[in-house]
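The model shown is predicted, which means the values in this text are computed figures rather than measured ones. Whatever order the structure lists ligands and atoms in, that order sets their numbers, starting from 1.
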Amino acid sequence: MEKYDAIIIGAGAAGLFCAAMAGQAGRRVLLLDNGKKPGRKILMSGGGRCNFTNLYIEPAAYLSQNRHFCKSALARYTQWDFIDLVGKHGIAWHEKTLGQLFCDDSAQQIVDMLVAECEKGQVTLRLRSEVLDVARDETGYTLQLNGETVSAEKLVIASGGLSMPGLGASPFGYKIAEQFGLKVLPTRAGLVPFTLHKPLLEQLQTLSGVSVPSVISAEDGTVFRENLLFTHRGLSGPAVLQISSYWQPGEFVTVNLVPDCDLQNFLDEQRAAHPNQSLKNTLAMQLPKRLVECLQLLGQIPDVSLKQLNSRDQQALVETLTAWRVQPNGTEGYRTAEVTLGGVDTNELSSRTMEARNVPGLYFIGEVVDVTGWLGGYNFQWAWASAWACAEAL
Ligand code: FDA
């Protein structure tokens, strides 16, 4: 039987980084993954360029039943530390928007960097490895793999969440948590497009592909200012992905489709200057033409000139465009979600080391834990930071 200091299950963002750091600190580390290559989600991320961190990392950008849990790890391994590492590997990057940092070239560079760091730490990486059984005794953990038995004093679960089963996502981490008596909070898809009820979807179907700047808010008061995209299934784009993490089934979201304009003033000014101009053409100065046409077909925009628009109708129109209330039918679910909300209850873990409070030697890092970030590099930063905190303790 092969013996290690630590076995890490999951060669994704958190597992690779944790293995590298622990290996470089002199630990004998075995890193296992059921896939045929490491870091599959990293490769898919950021449209193939990996949005690896964000300049504005702050605990408020993370959802968790315990909003304080992420603070310690995020403070000890920061975005600047990761940017430094990326720089040491000569990876060129740029800020796209809102502090989001992407590789200039390809996400493969981040995976190559993590694998190189693992090699530096003499980590044993074993791919296509199914973990059939995990047992614990006073000396540590023994794992039955397909065809062999391995053991270690410490076991780190870095198997991620449920989003994108096609990329190897599995409930493995939650099952291990339950096996050792840890509470797992209910999971749901996050950073995910909304689907719409059929009548509304049919009304909006001509808008598929139209993107507008928006301010979107959830019933709990959370607000994001980003682009909204109409799709053939419903609503997507960064605004919708962000708010989806704060939305509960049955709730409404409210959308301002003209966030950069005081519409009431704009219409008054235009009326004074061009009274005979059509309302439709006036609104097309602020909104995509296809959206204006669709709203006119739906009877939301009267077919009148500005001088014919009475103040009650103008008020109603402004209300429709600045506070459009939509009740999503649901989300596209784990198939397209970027992350999984919920997971291993943080009350079960030490925020310093990620070790289970009541199960010595068992650690949970990355997305399997009930810590979920906003869109924009926040989730990878949680993977790096939680991995680093754990590696320090191995
Ligand atoms: P991750 O999912 O990366 O790794 C888990 C690993 O465990 C996988 O390799 C899997 O194969 C393995 N595994 C699972 N079950 C196993 C088992 N039973 N046995 C062995 N191995 C097992 N975030 C961000 O900050 N910026 C971005 O640009 C993006 N972009 C993005 C795009 C897409 C399409 C998705 C789906 C997600 C993102 N994300 C993101 C989110 C980000 O990818 C995610 O939060 C991290 O990858 C989580 O890292 P983990 O290491 O925890 O899990």
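Close placement of the W374 and F224 rings is indicated, their centers lying within 6.0 Å of each other. Two rings, from F252 and W247, have their centers 6.0 Å or more apart. In summary, the aromatic rings of F380 and W384 are positioned with their centroids under 6.0 Å apart.
With a 4.0 Å cut-off on non-hydrogen atoms, L16 does not touch ligand 1 at all. The part of M164 lying near ligand 1 is the side chain, judged by heavy-atom distances below 4.0 Å. When non-hydrogen atoms are compared, ligand 1 lies under 4.0 Å from the backbone of Y378 (N, CA, C, O) but not from its side chain. When non-hydrogen atoms are compared, ligand 1 lies under 4.0 Å from neither the backbone nor the side chain of Q381. Under 4.0 Å from ligand 1, the heavy atoms of A158 that appear belong solely to its backbone. When heavy-atom distances to ligand 1 are checked against a 4.0 Å cut-off, F172 comes that close only through its side chain, counted from C-beta outward.
Of the protein's heavy atoms, D33 OD2, 3.5 Å lies nearest to atom 10 (C) of ligand 1. For atom 16 (C) of ligand 1, the closest non-hydrogen atom on the protein side is N34 ND2, 3.2 Å. With respect to atom 53 (O) of ligand 1, the closest heavy atom belonging to the protein is G160 CA, 3.5 Å. Scanning the protein for heavy atoms near atom 32 (C) of ligand 1, the closest one is S45 CA, 3.6 Å. In terms of protein heavy-atom proximity, atom 41 (C) of ligand 1 is nearest to E338 O, 3.6 Å. G12 CA, 3.3 Å is the protein heavy atom nearest to atom 4 (O) of ligand 1. The closest protein non-hydrogen atom to atom 7 (O) of ligand 1 is G10 CA, 3.2 Å.
Every atom of ligand 1 is numbered from 1 in the order shown, and the set under 4.0 Å from a heavy atom of I9 is 19 (N), 20 (C). With ligand atoms numbered from 1 in the order given, ligand 1 contributes 28 (O), 30 (N) to contacts under 4.0 Å with heavy atoms of G46. Close approach of ligand 1 to A13 (heavy-atom distance below 4.0 Å) involves ligand atoms 3 (O), 49 (O), 51 (O). Interface of G168 with ligand 1, defined as ligand atoms under 4.0 Å from a residue heavy atom, comprises 10 (C), 11 (O), 14 (C), 15 (N). Shown in contact with N51 at under 4.0 Å from a heavy atom are these atoms of ligand 1, numbered in order with element: 24 (C), 25 (O), 26 (N), 27 (C), 28 (O). Shown in contact with S159 at under 4.0 Å from a heavy atom are these atoms of ligand 1, numbered in order with element: 5 (C), 7 (O), 14 (C), 15 (N). Counting atoms of ligand 1 from 1 in the listed order, those under 4.0 Å from a heavy atom of N379 are 23 (N), 25 (O), 45 (O). The distance from ligand 1 to the heavy atoms of S170 drops below 4.0 Å at these ligand atoms: 14 (C), 15 (N), 16 (C), 18 (N).
The environment of Q122 atom CD is sparse: at most 12 non-hydrogen atoms of other residues, nucleotides or ligands sit within 6.0 angstrom.
D345 places no side-chain N or O within 3.5 Å of a backbone atom of L182 that could act as its donor or acceptor partner. With hydrogens and angles disregarded, a donor-acceptor distance shorter than 3.5 Å links the side chain of R290 to the backbone of T206. Side-chain atoms of R352 do not come within 3.5 Å of backbone N or O of S72 as any donor-acceptor pair. When atom types are taken as modelled, the side chain of S163 and the backbone of Y334 share no donor-acceptor pair closer than 3.5 angstrom. For Q144 (side chain) and T149 (main-chain N/O), no donor-acceptor pair under 3.5 Å exists by modelled atom type.
A donor-acceptor contact closer than 3.5 angstrom links the side chains of Q314 and D268.
Rounding to the nearest 0.5 Å places CG of L155 at 7.0 Å from CZ of F180.
The shortest N or O to N or O distance between G35 and ligand 1 is not under 3.5 Å. Polar contact with ligand 1: present for A14 (N/O pair, distance under 3.5 Å). Polar contact with ligand 1: present for F380 (N/O pair, distance under 3.5 Å). Residue E367 has at least one nitrogen or oxygen atom sitting less than 3.5 Å from a nitrogen or oxygen atom of ligand 1, judged on distance alone. Looking at ligand 1, you won't find any N or O of E130 less than 3.5 Å from one of its N or O atoms.
In this view, Y77 and F17, W388 satisfy the ring pair (Phe, Tyr, Trp, His ring centres under 6.0 Å) rule, not counting sequence neighbours. Partners of D112 by salt bridge (Lys or Arg N to Asp or Glu O under 4.0 Å), not counting sequence neighbours: none found.
The closest approach between S163 and ligand 1 stays at or above 4.0 Å for every heavy atom of the residue.
Counting all heavy atoms, side chain and backbone alike, S386 lies closest to G366 at OG-N, 3.1 Å.
For the pair R49 and F102, the cation does not sit on the ring face, since its NZ or CZ is not both under 6.0 Å from the ring centre and inside 45° of the axis.
Annotation: side chain of S244 is not in contact with side chain of V253 (no heavy-atom distance under 4.5 Å).
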